[in-house]
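Predicted, not measured: the structure shown is a model, and the values here were computed from it. For this chain, numbers begin at 1 and follow the sequence in order.
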Amino acid sequence: MSYFDELAYQFIDGEWRSGSGSWDIVDFNPYNGEKLTSIPVATVEEIDQAYRAAERAQRAWGATNPYSRRLVFERALRIIDDREAELAAAIAAEVGGTLAKVGFELHLAREFLREAIQLALRAEGRILPSPIDGKENRLYRLPVGVVGVISPFNFPFLLSIKSVAPALALGNAVVLKPHQNTPVCGGGLVARIFEEAGLPAGVLNVVVTDIAEIGDALIEHPVPKTISFTGSEKVGRHVATVAAAHFKHSVLELGGNSALVVLDDADVDYAVDAAVFSRFVHQGQVCMAANRVLVDRAVEREFTEKFVAKVRSLKVGDPTDPQTHIGPLINEGQAEAVSSLVDRAVADGAAALVHGETRGTLVGPTVLSGLPADSPLLQQEIFGPVVLLVPFDGDEEAVRLTNATPYGLSGAVHTGDIERGVQFAKRIETGMFHVNDATVHDEPIVPFGGAKSSGVGRLNGDAMVEAFTTTKWISIQHGRSQFPF
């Protein structure tokens, strides 16, 4: 029996059960169209059951010694190590990721679990002085209570664990809703691992459903105090609006329109390698991916020739083939949307230096140049294997073009002068920026998040403590206060 048979259920209060909705979410392999499983959707009633179970279970879990909580994550790590091949096969089948992508996802998921072990001990309090004689001020870091997590389809296992594990480590309970395209890897697998690792029933619940069934119930419900959402800017804006209306804290990791910038003194060969990876890793379905590659005119010709040649060498096809660089997009609708963007750009005057063919969910890599300055494609996120080459004259124009987008997630600059790169990076309106490297990076202890329309708040390391705990002031008067009446 495969994971797709075992985990085609909701996980509520420690029980695997069918959703009571009148329709199913059907899970397909994006490469070959094979039906993996179908899951009856959870209803508003089951959302309530999940949150109420989490609320009940959190009291005891939050009071558990953090040294004991750490043991759950240590066991979860061992489970992933023991079942790496099975987990990799499931992720490849449901997500369409190449073997390299799947290996990276599992590696980073383990790193975030290791960091969660440390986070369990990091909710430190403080004692502050008072201007009032005899008074002691204590600041406690306490769990927020229950966290709602909404995860995306592109790295479902990793990005569910990235929010779920820290929230649990800090004493919270969680209700997780995976993306409907990846309900098993983004939901069921996470629940199964923590269940087997000894997490008490009700502390983690997984609901597989869709907004068409539940509306905003997952966000509006009175129990969760924090909503952690990773996904598109459009949906994130809605999540933030609803959460704010109900006085909930939200952490939003949204889309990007990152630029990789090649200055006139860059190592061109190395910049080509970094740019190809930054754009085409996981078919470009990465929020940090380099939509735009900006190249100084002094090296434009050399860079373009080498970049186009390397892009043409990328193999498109079966993600389980070790030779494949570019696998399928998540569904045919996304493939059609990306192809339409390319057709529209060419019709508007762009030149296709490489024009990839679309076959079902497989979209070959495309390199566009000569876009008009007012092209809407320069302003938006392209969640697919399409890259825009943009020339510039000097650092000032490069800064202006890099910032000329409503997004501000990541980016990179390549230069032979490290300090020149650092000064350039400081001027870019992003949450993250990298000198002489790729645009796609995530590390467990480094604050991860964006500026402008790319999100609100940070995750990773100490930022997790900010996201999933609250500060409480308790004062103690050791003497007697003097009152005016």
Is the ring pair [X]/[Y] parallel, tilted or perpendicular, if the boundaries are 30 and 60 degrees?
X	Y	answer
F307	F303	parallel
H282	F155	perpendicular
Y270	H414	tilted

Do you know which two heavy atoms are closest between [X] and [Y], and how far apart they sit?
X	Y	value
P30	P328	O-CB, 3.7 Å
F4	L36	CB-O, 3.5 Å
L329	Q285	CA-OE1, 3.5 Å
A240	L252	CB-CD1, 3.5 Å
A425	F433	CB-CD2, 3.4 Å
A398	V261	CB-CG1, 4.1 Å

How would you list, by chain and number, every residue that makes a side chain to side chain contact (heavy atoms under 4.5 Å, CB included) with [X], sequence neighbours excluded?
X	result
A42	Q10, E46, V207, T209
S163	V149, S228, L459, F468
R69	W61, T64, P66

Short side-chain to backbone donor-acceptor contact, [X] and [Y], under 3.5 Å:
X	Y	value
D27	T37	no
K248	P224	yes
T182	C185	no
K452	T405	yes
Q379	A404	yes
N257	N291	no
K306	T304	no
N29	E34	no
S410	T439	yes
R279	G384	yes

Point-to-point distance, once rounded to the nearest 0.5 Å, from OG of S454 to CD of E429: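 Nearest 0.5 Å value for the OG-CD distance: 11.5 Å.
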Salt-bridge criterion met for D82 and R78 (N-O under 4.0 Å):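 No.
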Side chain to side chain contact (heavy atoms under 4.5 Å, CB included) between F157 and I193, intermediate numbers included: CA-CA 11 Å; F157 186 69; I193 288 168; 3.6 Å; yes
If you define the side chain from C-beta out and look only at heavy atoms, does anything of [X] sit under 4.5 Å from [Y]?
X	Y	result
L7	W16	yes
V386	L341	no
I330	H179	no

Polar contact flag, side-chain donor to acceptor under 3.5 angstrom, N460-D442: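 Per modelled atom types, N460 and D442 side chains form a pair under 3.5 Å.
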Side chain to side chain donor-acceptor pair (under 3.5 Å) partners for D24, two or more places apart: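 Once residues adjacent in sequence are excluded, D24 has no partner under the side chain to side chain donor-acceptor pair (under 3.5 Å) criterion.
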Residues forming a side chain to side chain donor-acceptor pair (under 3.5 Å) with K310, sequence neighbours excluded: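 For K310, the residues satisfying side chain to side chain donor-acceptor pair (under 3.5 Å) (neighbours in sequence not counted) are D273.
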Audit row: L353, R312, side chain to side chain contact (heavy atoms under 4.5 Å, CB included) steps and yes/no: CA-CA 10 Å; L353 305 182; R312 289 189 188 279; 5.6 Å; no
Pairs under 3.5 angstrom only: tabulate donor-acceptor contacts from the side chains of residues 197-206 to other protein residues two or more places apart or in another chain.
from: N205; atom 1: OD1; to: D13; atom 2: N; distance (Å): 2.7
from: N205; atom 1: ND2; to: G202; atom 2: O; distance (Å): 2.8

Residue among E86, R192, E94 satisfying side-chain hydrogen bond (donor to acceptor under 3.5 Å, both in side chains) with Y3: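 Output: one option passes, namely E86.
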Test side chain to side chain contact (heavy atoms under 4.5 Å, CB included) applied to V316 and T324, V363, I326, the passing residue: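 Testing each of T324, V363, I326 against V316, the sole residue satisfying side chain to side chain contact (heavy atoms under 4.5 Å, CB included) is I326.
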